[in-house]
2 protein chains.
Amino acid sequence: MALKKLDKKPEETRETELGLSECLLDRTGFLLKKSALRIQEAYEERLGPLGLAAKHYGVLSVLEERGSITQHEIGKCVYVDRTTMVGIIDDLEKKGLVERKEHPTDRRSHAVYLTAKAKEVLAKAHHLASSVEKQFLECLSVKEQKELRQILRKLVVAHYSSTKAGERGEG
Amino acid sequence: MALKKLDKKPEETRETELGLSECLLDRTGFLLKKSALRIQEAYEERLGPLGLAAKHYGVLSVLEERGSITQHEIGKCVYVDRTTMVGIIDDLEKKGLVERKEHPTDRRSHAVYLTAKAKEVLAKAHHLASSVEKQFLECLSVKEQKELRQILRKLVVAHYSSTKAGERGEG
DNA sequence: CGATGATAATCAGTAATACTGATTATCAGG
DNA sequence: CCTGATAATCAGTATTACTGATTATCATCG
């Protein structure tokens with residue numbers, strides 16, 4: 001806490017006091033990254049006791065929504081690449097939450113199914129996820145929360161559709 | 001592209017067609033993470049030719065804004081932990097963009113200074129950063145862009161002030 | 001029918017990132 | 001001067017996801 005500035009005049013002091021940088025707070029990139037990190041942390045923390053990481057929850061949710069689909073399809077939904085999906089499905093299989101069964105029409109593929117146990121776990125996980133988000137967003141008005149979701153959705157849809165997206169996975 | 005669903009009826013088809021999952025698109029956590037990843041990619045891509053990664057740009061910006069401060073202080077501004085800062089400052093020093101000088105009052109600390117070269121590079125980098133953001137956000141109205149920034153700022157300030165924040169760095 | 005090119009899952013190796021913990025030098029307070 | 005805290009650093013580790021190669025299978029075309 002010793003020195004603050006060596007050669008700058010002590011003027012503007014807004015959030016800067018908190019150790020935040022005014023110019024970075026104007027960069028959507030910085031803001032997105034930091035808020036994404038924080039909410040993910042909250043997810044990990046709350047889903048942890050259930051034996052799930054956020055990535056597992058994402059995959060289970062997709063399976064619940066779309067029914068049994070292949071690993072490749074799941075990857076496209078959650079934007080995780082094929083090699084990473086192998087590990088995630090391995091994890092979930094070890095936990096007894098999914099099963100790889102043979103695909104009815106394509107023997108190269110695995111049809112991934114949720115187990116009964118997964119359905120129970122998912123119910124709890126959905127609940128936790130909602131509570132994480134509620135808590136994380138509680139500093140916003142309900143209107144802002146809705147706006148945020150809509151705007152982000154627009155961004156994500158725009159940036160994960162055309163392009164090379166769907167081939168890749170980085171998440 | 002073979003199977004879509006094995007046991008779900010083919011009804012809802014909105015963004016799902018694009019391989020996106022309806023239920024995840026309702027999770028702010030998922031949306032934040034995916035949009036953060038995409039914009040960071042854009043940053044890396046555009047700053048790359050300048051020899052900078054996004055993390056370097058953040059540090060340089062803070063130094064420009066706050067004047068010479070210690071590594072620890074920089075870390076608190078950009079939320080990067082002390083051990084990681086060592087490497088970032090090493091990088092920047094190698095590139096001739098910053099110098100570690102002795103701190104006027106605390107010999108444990110290093111006072112980190114921008115070089116003249118850094119100031120030139122930063123001018124270009126700011127320009128590129130603005131263009132990255134403009135491009136990334138162009139699918140939104142100007143009003144939405146502003147709302148997004150304000151809302152995110154509120155989130156970041158809320159989640160990086162009290163708490164244990166400032167001790168940590170994950171970004 | 002048989003060859004060719006594409007696709008699904010997998011594995012091995014690699015790179016990037018950031019953490020924990022220990023170390024050294026230094027500070028601040030009694 | 002002794003003690004506890006702090007700044008920077010380093011070594012080791014964990015996480016994460018990538019690239020590229022491999023194997024099995026599919027789909028097409030002649």
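Only heavy atoms go into these numbers, but all of them, side chains included; no hydrogens, no water, no symmetry mates. Throughout, a chain's letter reflects where its sequence line sits, starting with A, and its residues are numbered from 1.
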Basic-acidic side-chain contact under 4.0 Å: Arg100(B), Glu93(B)
yes
Tabulated below should be each protein N or O lying under 3.5 Å from an N or O of nucleotides 27-30 of chain C; please produce it.
from, atom 1, to, atom 2, distance (Å)
dC27(C), OP1, Arg107(B), N, 3.0

Calculate the interatomic distance between Tyr43(B) atom OH and dA16(C) atom C1'; express it in whole Å.
20 Å
Please give, in whole Å, the distance from dT6(D) P to His103(B) NE2?
16 Å
How close or far is atom C1' of dT25(D) from atom NE2 of His72(A), stated in whole angstroms?
15 Å
What is the distance, to the nearest angstrom, from the NZ atom on Lys76(B) to the P atom on dT6(D)?
11 Å
How would you list, by chain and number, every residue that makes a side chain to side chain contact (heavy atoms under 4.5 Å, CB included) with Gln145(B), sequence neighbours excluded?
Leu137(B), Leu140(B)
Sub-3.5 Å pairs of nitrogen or oxygen atoms, protein against nucleotides 9-11 of chain D:
from, atom 1, to, atom 2, distance (Å)
dT9(D), OP1, Arg100(B), NE, 3.1
dT9(D), OP1, Arg100(B), NH2, 3.4
dT9(D), OP2, Gln71(B), OE1, 2.8
dT9(D), OP2, Gln71(B), NE2, 2.7
dT9(D), OP2, Arg100(B), NH2, 3.0
dT9(D), O4, Arg82(B), NH1, 3.0

How would you list, by chain and number, every residue that makes a side chain to side chain contact (heavy atoms under 4.5 Å, CB included) with Ser130(A), sequence neighbours excluded?
Arg27(B)
Applying salt bridge (Lys or Arg N to Asp or Glu O under 4.0 Å) between Asp26(A) and each of Arg149(B), Arg153(B), Lys146(B), report the one that passes.
Arg153(B)
Lys55(A) NZ - dA17(D) C1' separation (whole Å)
9 Å
Rounded to whole Å, the CD-P distance (Glu73(A) to dT7(C)) equals 13 Å
Hey, are Lys95(B) and Asp90(B) close enough for a salt bridge, meaning a charged N less than 4.0 Å from a carboxylate O?
no
Is a salt bridge present between Arg107(B) and Glu102(B), judged by a nitrogen-to-oxygen distance below 4.0 Å?
no
With Thr115(B) via side chain to side chain contact (heavy atoms under 4.5 Å, CB included) - residues at least two apart
Glu99(B), Lys117(B), Ala118(B)
Only counting residues at least two apart or in another chain, list the ones meeting ring-ring contact (aromatic ring centres under 6.0 Å, His included) with Tyr57(A).
His126(A)
Euclidean distance, atom CG of residue Asp81(B) to atom P of dA14(D) [Å, nearest integer]:
17 Å
Hey, could you give me the SG/CD distance between Cys77(B) and Glu65(B), rounded to the nearest 0.5 Å?
7.5 Å
For Leu37(A) and dT15(D), give me the distance from atom CG to atom C1', rounded to whole Å.
14 Å
